[in-house]
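Working notes, structure below.
These numbers come from the heavy atoms of this one structure, side chains and all, not from hydrogens, waters or symmetry mates.
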Amino acid sequence: MTAAETTFCVRLLDRTLEKDGYSTLALDAALRESSLSDREKKRVSALYYGVLERLLTLDAVIAKYSKKPIKKLDTPVLQLLRTGVYQLLYMRAPENAVVSETVNAAKSLRVQSASGFINAVLRGFLRDGKEIPLPKDPIMQKSVLYSAPAWLVAQLRREYGEDAMHSLLSDSVGRPPVTIRRNVLRCDEKTMLASLSPIQAEPSPLLPDCFVTSGGDLTQTEAFRKGYFHVQDLASQLCCHALGAEAGDLILDVCAAPGGKSFTLAQLVGGTGRVLSFDLHENRVQLIASGAKRLGLKHVTAAVSDASVYSGAMPQADKILCDVPCSGFGVIRRKPEIKYKPQESLKGLPAIQSRILETAAGYLKPGGTLVYSTCTLSRAENDHVVDQFLHTHPDFVGVPFLEELGGPFGDYKASLVPADFGSDGFFIAKLKRLE
């Protein structure tokens, strides 16, 4: 990693962490505006995501070798140390070169006075054999090991047990699979696979038309240009299958952006059904509309709507997907910055989720079904919201789904962890309105 690449990464980390930005959006925007080569972009991306994933681990190392408390370090100096320690721990790079280029980057970032300090911290870490300092307390130990806040470690262990906690957190610092869904209304499997070249795709043993890919940028393939697939994690696809969409159904997807679930549901209902996809923000609605156009899904209609406010103009639906905004702890491996949000900032989510569920239920026909889902594993956002709703709505009952797939399915709600199917962490509950 050159000093220029390190400098680029430090500035990007600063924008993401200090301004509470989204990693994917921040990185994409920065790379578009840069003059970096494709090879440099790959290296910068790996370092950027790696530092975000391992932030607490890196800070534990820095805290041990720094004479100053981390909170008193200048932001560029702290980010430089994080990038240096990460390369020494997790990237195959000559150690002397890592130290040298990290120190050189201090000049570009106008913190050259800290060069000696940065050199001393990194050299001290190397002299001690690059050992990660692990606390004796079991919770704090997992916090450092998996770079997850102690409160999240404790909550996952309390609510799901040691094994599920380990599964989610160990998976959160690994590379996520890229899973796609074949557009059954546009091509057969042979045609899609041939036009994906040079990218490889292996069929999922769990669901038809679901494939795990490897080997490159999907958006540069002929298959993408022709709308032969869309990207969608396995858990999200399972959520769509749980709804039980059938030909001719009118389906509401009340929190639809960026649209993956709407696209799968549209294919499941075929040309005789309709999917109405809503989101609160116009720019996100445009993502749904453009995705549906690429896939040739003319029976998907995207529009702006506030899912928490009842609209008398909304049609009564056969089925409703209510995939609500959540803390996102099931997709940490895709959005690592999520886990560093203050715990207090998440406390209002169950109230919002309950309001959306309540509103969505008002659009459901008697005898219709509704799926409530999140990409998190918080009981307060999942089980508690659903069970409270059932307690106050005797005209709704929970119904089992996907029983043929075995555990964790078989009841009216299921919590998925990566150890189950290799998918993201996810929660699904299926409810039916009585006739």
Answer yes or no: are there more than 12 heavy-atom neighbours, outside Gln343 itself, under 6.0 Å from its atom CD?
-> yes
Of Ile428, Leu390, Val399, which is the lone residue that meets side-chain contact (heavy atoms from CB on, under 4.5 Å) with Tyr412?
-> Leu390
Taking the side chain from Arg82 and the backbone from Leu55, do they hold a donor-acceptor pair closer than 3.5 Å?
-> no
Assess whether atom CZ of Arg274 is packed by more than 12 heavy atoms of other residues, nucleotides or ligands within 6.0 Å.
-> no
Rounded distance [0.5 Å steps], CD in Gln79 versus OG1 in Thr102 = 12.5 Å
Just how far is it from atom CZ of Arg294 to atom CZ of Phe224, taken to the nearest 0.5 Å?
-> 4.0 Å
Exercise: identify the closest heavy-atom pair between Ala303 and Val285 = O-CG2, 3.5 Å
Measure from the side-chain N and O atoms of Arg186 to the backbone N and O of Lys226, and report whether any donor-acceptor pair falls under 3.5 Å.
-> yes
Are Asp209 and Arg181 close enough, and set up right, to give a side-chain contact (heavy atoms from CB on, under 4.5 Å), and what steps lead you there?
-> CA-CA 6 Å; Asp209 308 310; Arg181 178 88 182 177; 4.3 Å; yes
Give the minimum heavy-atom separation between Pro325 and Ile356, together with the two atoms involved.
-> CD-CD1, 3.7 Å
Judged by atom type as modelled, is there a donor-acceptor pair below 3.5 Å linking the side chain of Asp74 to the main-chain atoms of Pro76?
-> no
So, Asn104 side chain and Ala3 main chain: donor-acceptor pair closer than 3.5 Å or not?
-> no
Any donor-acceptor N/O pair, Lys130 side chain to Leu88 backbone, under 3.5 Å = yes
Under the side-chain contact (heavy atoms from CB on, under 4.5 Å) rule, what do Ser415 and Arg379 come out as? Steps first, then yes or no, please.
-> CA-CA 10 Å; Ser415 298; Arg379 297 287 189 193; 4.1 Å; yes
When rounded to the nearest 0.5 angstrom, what is the spacing between CG in Leu295 and CG in Asn183?
-> 5.0 Å
Chi angles and distances behind the side-chain contact (heavy atoms from CB on, under 4.5 Å) call for Phe278, Met314 = CA-CA 11 Å; Phe278 302 101; Met314 196 74 72; 3.4 Å; yes
Exam field: side chain Tyr340 to backbone Leu52, donor-acceptor pair closer than 3.5 Å | yes
Is the shortest distance from a Lys or Arg side-chain nitrogen in Glu5 or Arg39 to a carboxylate oxygen in the other one below 4.0 Å?
-> no
More than 12 heavy atoms from other groups under 6.0 Å of CG on Asp306 = yes
Which pair of heavy atoms, one from Lys261 and one from Cys239, lies closest together, and at what distance?
-> CE-SG, 4.2 Å
Could you tell me whether Gln141 atom CD has more than 12 heavy atoms of other residues or ligands within 6.0 Å of it?
-> yes
Distance from Phe229 atom CZ to Leu196 atom CG, nearest 0.5 Å?
-> 5.5 Å
Step-by-step side-chain contact (heavy atoms from CB on, under 4.5 Å) determination, Leu73 to Ile62 = CA-CA 11 Å; Leu73 294 176; Ile62 295 166; 4.2 Å; yes
Look at the aromatic rings of Trp151 and Phe329 and report parallel, tilted or perpendicular, splitting at 30° and 60°.
-> perpendicular
How about Asn382 and Thr374: does a side-chain donor come under 3.5 Å of a side-chain acceptor?
-> yes
So, Tyr48 and Thr16: side-chain donor and acceptor under 3.5 Å apart, yes or no?
-> yes
More than 12 heavy atoms of other groups within 6.0 Å of Lys41 NZ = yes
Search all heavy atoms of Ala30 against all heavy atoms of Arg15 and return the closest pair with its distance.
-> CB-NH2, 3.6 Å
Under 3.5 Å, is there a donor-acceptor pair between the Ser354 and Gln388 side chains?
-> no
Does CG belonging to Asp38 count more than 12 external heavy atoms closer than 6.0 Å?
-> no
Can you tell me if Thr272 uses its side chain to pair, donor with acceptor, with the backbone of Gly248 under 3.5 Å?
-> yes
Report yes or no: does Asp411 contribute a side-chain atom to a donor-acceptor pair with the main-chain N or O of Lys413 at less than 3.5 Å?
-> no
With a 3.5 Å cut-off and no angle check, do the side chains of Ser277 and Asp253 form a donor-acceptor pair?
-> no
So which heavy atom on Thr179 is nearest to which on Cys210, and how close?
-> CG2-SG, 3.4 Å
Thr264: which of His241, His230, Gln237 passes side chain to side chain donor-acceptor pair (under 3.5 Å) | His230
Where does the angle between the aromatic ring planes of Phe389 and His393 fall among parallel (under 30°), tilted (30 to 60°) and perpendicular (over 60°)?
-> parallel
Heavy-atom donor-acceptor pair, Lys339 side chain to Glu53 backbone, under 3.5 Å | yes
For the residue pair Phe421 and Phe409, categorise the inter-ring angle as parallel (less than 30°), tilted (30 to 60°) or perpendicular (more than 60°).
-> parallel
To the nearest 0.5 angstrom, please state how far the CD1 atom of Ile332 sits from the CG atom of Asp424.
-> 10.5 Å
Does a donor on one side chain and an acceptor on the other come within less than 3.5 Å for Asp188 and Thr191?
-> yes
Hey, what do you get for NZ (Lys365) to CZ (Arg433), rounding to the nearest 0.5 Å?
-> 12.0 Å
For Arg284 and Ala257, indicate whether the former's side chain and the latter's backbone hold a donor-acceptor pair under 3.5 Å.
-> yes
